[in-house]
Amino acid sequence: MRDWNFKNIDFSLYPFYEGNDLGVFLNGENLSVKIWAPGAQEVRFLVYQQSSGGEPIRIDSLTPEDKGCRSLKLKGKFAGLYYCFRVNNKGWMNENPGINARATGANGHRGLIFHPEETSPAGWDKDNPITLENPVDAIIYELHIRDFSMSDDSGMVNKGKYLAFTEEGTVSPDGQSTGIDHLKELGITHVHLLPVADYHSGEERAQKESYNWGYNPVNYNVPEGSYATNPDNTSRITELKQLVMSLHKAQIGVVLDVVYNHSCYTIRSWFNQTVPGYFYRQNQDGTFSNGSACGNEIASERAMVRKFIIESVCYWAKEYHVDGFRFDLMGILDIETMNGIRAALDSLRPGILLYGEGWTSGESSMNERFRAIKKNVGQLNGIACFNDDFRNAVKGSDFIRREKGFVNGRIYNEESIKFGITAACYHPQIIYQYVTGSSFPWAREPYQTVNYVSCHDNYTLFDKLKISRTDVGIEDIKKMQRLAGALVFTSQGIPFMQGGTEFCRTKNENENSYRSPDIINQINWSLKKEYRSVYEYFRALIRLRKNLPELRMRSSDEIRKYISFPSFYHTGLVSYIIKDYPSEKKWKTIQLIYNANTDPVKIELTDKTIRTVLAEGEDISIRGIRRFDGNEITVQPISMTIVCTEK
Ligand code: CA
C-alpha cells in the first residue's frame with residue numbers, strides 16, 4: 001500500500017513542464033501521447049475497443065523525457081478507440097484517462113481518441129461570441145441543462161439534453177413560449193449553465209434516473225455525457241457546441257459554472273492516480289485539506305496545477321466559444337491563479353465575464369490573504385464576487401429558515417439594502433456598522449459585484465418568501481417577489497437571477513436539491529401562465545435596466561458622484577436618487593423608492609415640478625406611466641416606484 005500522507009514531501013521541488021502537448025492527440029494516423037508524471041517508475045498506455053470492460057487491444061510503455069514527462073508516438077487507425085493510462089508510482093495505480101482528456105466514453109472512465117476538427121457543427125466557424133462593453137451590462141440567468149427541458153409541459157423534445165437549447169418555437173400546453181424563445185422574450189444577455197464538465201453521475205446512458213447538479217467533477221475538459229444523445233462518442237462535444245451556437249444566434253452569451261476547487265474523488269481521482277498528492281493542499285499533518293467540504297481542495301498555487309487550470313479555462317473559451325465563467329468556491333483558489341486566468345483569457349479574447357463565490361465551504365489550509373475570497377476582490381483583475389450580504393438583506397439569510405429580509409418584512413436593515421444598491425462600493429452616506437454581514441465596502445468597482453437574491457443553492461426566492469411569511473396571502477408573496485427582482489435589476493453592479501424566478505419557481509421548499517429527482521428540480525413551465533403578472537414585471541425590469549445607463553454605472557467614482565440617498569428615514573423604505581448622470585437619456589433626476597411596508601407610504605420629493613412615473617405598483621414603462629406636477633408621491637405597499645424629472 002502506498003502512503004497517502006505527504007508530510008515529508010516538498011511539492012515545490014517538482015519539475016515544471018511548460019509545453020502545451022500534454023494529453024492524447026490524433027493527427028491523421030499519427031497518435032501522440034504525453035503525460036506529466038514525475039516520480040513514476042513506469043507509465044503504460046492501454047488502448048481499448050470499448051468504453052468499459054474487455055481487454056486492451058494493445059499496451060505500450062511511455063518513454064521517459066525530462067521535466068517529469070513521458071511520451072509515446074504511434075501510427076495507425078485510432079479514431080473511435082478508447083484509452084487509459086496506468087502509472088506505477090511505488091506500485092501500480094488505477095487505470096484512468098489522464099487529467100487532460102478532452103473526450104471520453106460513457107461515464108468518463110476511458111478517454112476517446114478522436115479528430116477534434118470533426119466535432120464542429122455546420123456553421124460553427126461563423127459563430128461569434130457575445131462581448132459586452134462592461135460586465136455591468138450583463139443580465140445573467142442561471143440554468144441547469146436538465147431542469148430547462150425535463151418537465152412534461154416544456155414543449156421541448158430533447159428532454160434533459162444540450163439539444164433542447166436548439167429548439168425554437170416551443171410552447172407549453174397553455175400556449176406560453178418556452179425554451180430559448182422564452183429566454184429571448186425575457187431579454188437576458190447571458191445563460192449561466194451549472195457544471196457541464198464531466199461529473200460523477202451514476203450511469204450516463206440512463207435517461208431517467210441520475211440527477212445531479214454536477215459539482216463533483218471527474219474529467220475537467222470533457223463535456224458531461226448524460227446531456228448528450230450518445231455518451232460513447234463525440235456527440236457530447238458537438239451538441240454542446242450546438243447549444244452555444246443556438247444561444248449566440250439569439251444574442252445570448254454562455255457562462256460555464258466551473259469547479260476547479262476540488263475533485264469528486266480524492267485518492268481515486270485522476271490527479272492522485274497520476275501524481276500522488278501534488279494537485280491537492282495538505283494539512284500540517286500531511287493529510288488532505290478540505291476547504292470544499294467535499295473531501296479535498298485543489299492546490300491551485302502549485303505551478304503545474306495553476307497551468308492546468310488556466311489551460312483548461314482557455315480550452316473551454318476557445319474550443320466552445322464560451323463567454324464567461326463562474327468559479328465554484330472561488331475562495332479556495334489563490335489570487336495569482338485567478339489573475340492568471342484573466343490575463344490568459346484577455347490575450348485570447350477580451351471581455352470574457354469572470355465571477356465566483358468568494359468563500360469556501362470548509363477550513364482551508366492556505367492563508368486567506370492569498371485566496372480569492374470576497375474581501376480580496378480588489379486584488380483580482382476584472383473578476384466579480386457574489387454579494388451574499390445583499391442576498392440575505394433582501395429576503396433573509398439562506399441558512400436561517402424563517403428569517404426575513406427587507407422585502408418580506410424585516411425592518412431596520414435599510415443600510416444593508418443601500419450597501420447592495422451601491423454594489424458593495426464605498427459611499428459616504430452609508431453607515432457600514434449598520435450593514436448586516438460585511439461591515440465594510442469590499443468592492444472597489446461595481447463590476448466586482450454580482451447582485452442576486454437566489455440561485456440553485458438553498459430555497460428558491462418564492463419558497464423562501466412563503467416559508468418566512470406564512471401569515472400573508474399569495475398576492476403579497478407575489479409583491480415581495482417583484483420587489484426583490486426590482487432591487488436586483490435596479491442596483492448598481494452585475495444582476496444575476498436563478499432561472500424560473502420570473503414566474504415564481506418552486507422546489508417545494510427543498511433547500512438542497514443537488515441530487516433530488518427531476519420533479520423537484522425541473523422548471524415547471526405552466527407557472528409562466530399562473531404567475532404571468534410577475535413574469536411581465538421581471539421582463540419589464542430587464543427592459544428598463546437595458547434602457548437606462550444610469551442603472552449600470554461604470555465606476556465607484558460615478559456611484560459616489562451621481563448617487564445620493566435622501567436624508568429622511570422611514571422604516572422599511574429605501575430610496576436613492578441619480579442626478580445629472582451624463583447619458584443621452586432625457587432624465588435629469590431619477591428617484592427610485594422601494595417600499596417594503598404593507599401600507600402605502602407618502603414621500604415628500606425635493607421640489608414641486610413636473611415628474612414622470614416610470615414604475616409604480618405592478619407597472620413599469622420606459623416611456624412613462626403617467627406625469628404629475630407636485631412635490632409628493634404615494635408609494636404603494638411592497639413595491640418600487642421610480643419618478644424622473646426631465647433635463
Ligand atoms: Ca458524467
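Atom CD of E502 is separated from atom CG of L541 by 11.5 Å, given to the nearest 0.5 angstrom. Interatomic distance, CZ of R515 versus CG of N212, reported as 8.0 Å (0.5 Å rounding). The structure places CE of M245 at 6.5 Å from CD of Q242, a figure rounded to the nearest 0.5 Å. For the atom pair CG of N508 and CZ of F462, the computed distance is 10.0 Å after rounding to the nearest 0.5 Å.
Here D232 pairs with S51, Y82, A106, R205, N230 under the side chain to side chain contact (heavy atoms under 4.5 Å, CB included) rule; sequence neighbours left out. Among residues two or more places apart in sequence or in another chain, the side chain to side chain donor-acceptor pair (under 3.5 Å) test is passed with S151 by D153. The ring pair (Phe, Tyr, Trp, His ring centres under 6.0 Å) test applied to Y227 returns H144, Y162, not counting sequence neighbours. Residues meeting the side chain to side chain donor-acceptor pair (under 3.5 Å) test with T166, sequence neighbours left out: none. T422 meets the side chain to side chain contact (heavy atoms under 4.5 Å, CB included) test with H427, I430, I559, F565; sequence neighbours excluded. Every side chain to side chain donor-acceptor pair (under 3.5 Å) that S516 has, sequence neighbours left out, goes to N510. Taking H190 as the reference, nothing meets the side chain to side chain donor-acceptor pair (under 3.5 Å) condition, with sequence neighbours excluded. Qualifying side chain to side chain contact (heavy atoms under 4.5 Å, CB included) partners for K374, counting only residues two or more places apart in sequence or in other chains: C385, D388, D389, S438, W442. In this view, S397 and N392, F399, I400, E403 satisfy the side chain to side chain contact (heavy atoms under 4.5 Å, CB included) rule, not counting sequence neighbours. For E536, the salt bridge (Lys or Arg N to Asp or Glu O under 4.0 Å) criterion is met by R532, R539, not counting sequence neighbours.
For T229 and E239, the side-chain atoms include at least one donor-acceptor pair closer than 3.5 Å. No side-chain donor-acceptor contact under 3.5 Å links E616 and S639. Counted by atom type alone, S177 and E185 present one or more donor-acceptor pairs between their side chains at under 3.5 Å. When only modelled atom types and interatomic distance are considered, T119 and K241 share a side-chain donor-acceptor pair under 3.5 Å. Side-chain atoms of T178 and T170 form a donor-acceptor pair, as typed in the model, at a separation below 3.5 Å. A donor atom on one side chain and an acceptor atom on the other are found under 3.5 Å apart for K159 and S154. In summary, the side chains of D147 and N521 do not present any donor paired with an acceptor at a separation below 3.5 Å, with no hydrogens or angles considered. Using modelled atom types and a 3.5 Å distance limit, the side chains of T460 and Q498 yield no donor-acceptor pair.
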Working note: S583 + E550, criterion side-chain hydrogen bond (donor to acceptor under 3.5 Å, both in side chains); need CA distance, chi angles, decisive distance, verdict.
CA-CA 7 Å; S583 86; E550 288 86 349; 2.9 Å; yes
Going through the distances and angles, do F386 and Y355 end up as a ring pair (Phe, Tyr, Trp, His ring centres under 6.0 Å)?
CA-CA 7 Å; F386 283 101; Y355 54 96; 5.6 Å; yes
Show the numbers, then the answer: is there a side chain to side chain contact (heavy atoms under 4.5 Å, CB included) between R236 and V222?
CA-CA 8 Å; R236 59 176 81 201; V222 181; 3.5 Å; yes
Start with the C-alpha gap between H182 and F503, add the side-chain angles, then the distance that decides, and say whether ring pair (Phe, Tyr, Trp, His ring centres under 6.0 Å) holds.
CA-CA 12 Å; H182 170 77; F503 44 72; 5.5 Å; yes
Give the C-alpha distance, both sets of side-chain angles, the deciding distance and a yes or no for side chain to side chain contact (heavy atoms under 4.5 Å, CB included) between E311 and Y220.
CA-CA 11 Å; E311 286 180 353; Y220 289 81; over 6 Å; no
Could you go through the side-chain hydrogen bond (donor to acceptor under 3.5 Å, both in side chains) check for R482 and Y537 one step at a time?
CA-CA 7 Å; R482 283 189 206 102; Y537 190 80; over 6 Å; no
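The shortest side-chain heavy-atom distance between Y514 and Y211 does not fall under the 4.5 Å cut-off. For the pair F406 and Y594, the minimum side-chain heavy-atom distance is below 4.5 Å. Put simply, the side chain of I620 does not reach to within 4.5 Å of the side chain of L614, judged on heavy atoms. Taking 4.5 Å as the limit, every side-chain heavy atom of P217 sits out of range of all side-chain heavy atoms of Y260. Side-chain contact between N458 and N512: absent, with no pair of heavy atoms (C-beta onward) separated by less than 4.5 Å. V453 has its side chain out of reach of M497: every pair of non-hydrogen atoms, C-beta onward, lies at least 4.5 Å apart. At a threshold of 4.5 Å between non-hydrogen side-chain atoms, the residues L256 and V313 do not count as touching.
Heavy atoms from other residues, nucleotides or ligands lying under 6.0 Å from CG of D174 number more than 12. When the shell of 6.0 Å around CD1 of I519 is examined, it contains 12 or fewer heavy atoms from other residues, nucleotides or ligands. Heavy-atom contacts from other residues, nucleotides or ligands closer than 6.0 Å to NZ of K249 number 12 or fewer. At most 12 heavy atoms of other shown residues, nucleotides or ligands fall within 6.0 angstrom of atom NZ in K529.
Within the structure, salt bridge (charged side-chain N to carboxylate O under 4.0 Å, His left out) pairs that include any residue of residues 252-261 comprise D257-R326 (at least two apart or interchain).
With salt bridges taken as basic N to acidic carboxylate O contacts below 4.0 Å, one links D398 and K395. A salt bridge does not link D463 to K507: none of the charged side-chain nitrogens sits closer than 4.0 Å to a carboxylate oxygen. Using a 4.0 Å cut-off between a side-chain N of Lys or Arg and a carboxylate O of Asp or Glu, R469 and D476 do not qualify as a salt bridge.
Ring geometry for Y215 against H456 counts as parallel: the plane angle stays under 30°, on a 0 to 90° scale with 60° as the upper cut. Classification of the F489-F538 ring pair by plane angle, with boundaries at 30° and 60°, yields perpendicular. Between F148 and F165, the ring planes lie parallel to each other; the angle is under 30°, not in the 30° to 60° tilted range.
A distance below 6.0 Å separates the ring centres of H192 and F496.
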Going by atom type alone, with no hydrogens or angles, which donor-acceptor pairs under 3.5 Å involve a side-chain atom of residues 127-136 and a protein atom two or more places apart or on another chain?
{"from": "D127", "atom 1": "OD1", "to": "H248", "atom 2": "ND1", "distance (Å)": "3.0"}
{"from": "D127", "atom 1": "OD2", "to": "H248", "atom 2": "ND1", "distance (Å)": "3.0"}
{"from": "D127", "atom 1": "OD2", "to": "H321", "atom 2": "ND1", "distance (Å)": "2.6"}
{"from": "E133", "atom 1": "OE2", "to": "R554", "atom 2": "NH2", "distance (Å)": "3.2"}
{"from": "N134", "atom 1": "OD1", "to": "V136", "atom 2": "N", "distance (Å)": "3.1"}

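Between the T490 side chain and the A486 main chain, a donor and an acceptor come within less than 3.5 Å of each other. Checked by atom type and distance alone, the side chain of N261 pairs as donor or acceptor with a backbone atom of D328 at under 3.5 Å.
For the pair K528 and Y535, the cation-pi test (distance below 6.0 Å, angle within 45°) is passed. Because its NZ or CZ atom is not both nearer than 6.0 Å to the ring centre of Y531 and within 45° of the ring axis, K478 does not count as a cation-pi partner of that residue.
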